[in-house]
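Input: a single structure, listed below in structure tokens.
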Amino acid sequence: PCIDVDKIREEFPLLSQVIKGKPIIYLDNAATTQKPRQVVERVRRFDAEEYGTVRRGAYRLSERSTRLYEEARQKVADLLGTPDKGEIIFTSGTTQSINLVAYSFGRKFVGPGDEVIISNIEHHANTVPWQILCEEKGAHLKVIPVNDQGELEMQEYEKLLSDKTRLVAVNHISNALGTINQIREIVEKGHEAGAKVLIDGAQSTPHIKLDVKDLGCDFYTFSGHKMYGPSGIGGLYGRMEVLETMPPYVTGGDMIQQVTLEKSTFLKPPGRFEAGTPPISQVIGLGEAIDYINGIGFDKISKYENDLLEYGTRLLQDIDGLRIIGTARNKASIISFFLESAHPHDVVTMLDQDGLALRGGHHCAQPTMIRYGVPATTRASMSFYNKFEELDALAFSIRKIIKLFS
């Protein structure tokens, strides 16, 4: 291994737990990741010793909290590759970030007869907001098809684009299949048609080094709890020239410039989109999580997780009665599979008896399940703290389940 996995695992308290007499094997990282001790302790210390509201006080606690809060924003900007931290808006996570764009950008710039494009392998959070927007505005929702391997059909994407396309919204990595999409080409073609492009980065942010300026996208979203940070925090990157054209998403305190009983004016981004008291402790924890990931290095993370993916794929594809759903040439460390003999809900329940924590269901991607003709899948999603021996244990347990149901 290119990283010291045993040393890393010591930094994650939960991974030392025992379930039903067996060490826990946590393989549900696409849903949420565990937190290293540094993140847990940083939030505790902030809440116990440093907490103060941000942006409002002239006293020491408030000033220090504000400084830490804005330092975390800078860390996010550096992580995503933008030199302007003002292009980073804190939200509760990817879902809220996408809804922010749908509500603010969509309701201003999408009208009757216009078009929004998504793909057939999106999370519901990048499907439902656009469905609602199109229904309200009389716009049309178009869908990029996906081939049998789980790859977007790029030639069909180009055919969908027109001078009526206002927005293209696709994920960077499919949470259900692990497919890594061709983002640069998607952005380039979208811009050629005059559309703005949003990328759902919930699955990509913890795994690969990002540069939103190089990708060229107009919006990029992420969730803190999927990158070893607290839940309830995430964010939206938006190109400043686009953000400045968008009205507020939620209104209230802190996002205003001036309020009279007759009229209100609003701050420039990002303040315009951060109404009310923000999740300060979570932001501080997110900043610590970014420091932790950077300390390991994305080059090492990507290589090791790719090694896990290749090893796990070889193990599972040799099991009779198991079908891997999503075999794209370019994948992240996610393996979705379907057993002919048992429903995924039963599979994960039985795997739990062996200490294995996997996800079974449609993964908030029901259109994807329909495309591949399955009601749901069992999903193993790996992190840099997982070990090859854990994948051996997974394969062993799956074989037991198949034998039991045969």
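A 6.0 Å sphere centred on NZ of Lys268 holds no more than 12 heavy atoms belonging to other residues, nucleotides or ligands. The number of heavy atoms from other shown groups lying within 6.0 Å of OH (Tyr311) is above 12. For Arg359, the CZ atom is loosely surrounded, since the number of other residues' heavy atoms within 6.0 Å does not exceed 12. Heavy atoms from other residues, nucleotides or ligands lying under 6.0 Å from CD of Glu241 number more than 12. Crowding of Phe109 atom CZ: a count of heavy atoms from other residues, nucleotides or ligands under 6.0 Å exceeding 12.
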Audit row: Ser62, Thr53, side chain to side chain donor-acceptor pair (under 3.5 Å) steps and yes/no: CA-CA 5 Å; Ser62 178; Thr53 192; over 6 Å; no
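Taking CG from Leu14 and CD from Gln34, the interatomic distance works out to 4.0 Å, rounded to the nearest 0.5 Å. Note that OG1 of Thr179 and CD1 of Ile334 are 9.0 Å apart. Values are rounded to the nearest 0.5 Å. Here the straight-line distance linking atom CG of Leu161 with atom OH of Tyr157 works out to 4.5 Å at 0.5 Å rounding.
Between Tyr228 and Phe384, the angle of the ring planes lies from 30° to 60°, which puts this pair in the tilted group.
In terms of modelled atom types and a separation under 3.5 Å, the side chain of Asn386 and the main chain of Met382 share no donor-acceptor contact.
When each of Ile199, Asn181, Thr221 is tested with His172 by the rule side chain to side chain contact (heavy atoms under 4.5 Å, CB included), just one qualifies, namely Ile199. Tested against Phe90, the residues Leu236, Ile280, Ile233 include a single side chain to side chain contact (heavy atoms under 4.5 Å, CB included) partner, Ile233. Glu115 pairs in a salt bridge (charged side-chain N to carboxylate O under 4.0 Å, His left out) with only one of the listed residues (Lys137, Lys164, Lys142), which is Lys142. Residue Glu41 is tested with Gln38, Arg44, Arg37 for a side chain to side chain donor-acceptor pair (under 3.5 Å); the sole match is Arg44.
Tyr292 and Glu11 share a donor-acceptor pair across their side chains, judged by distance under 3.5 Å alone.
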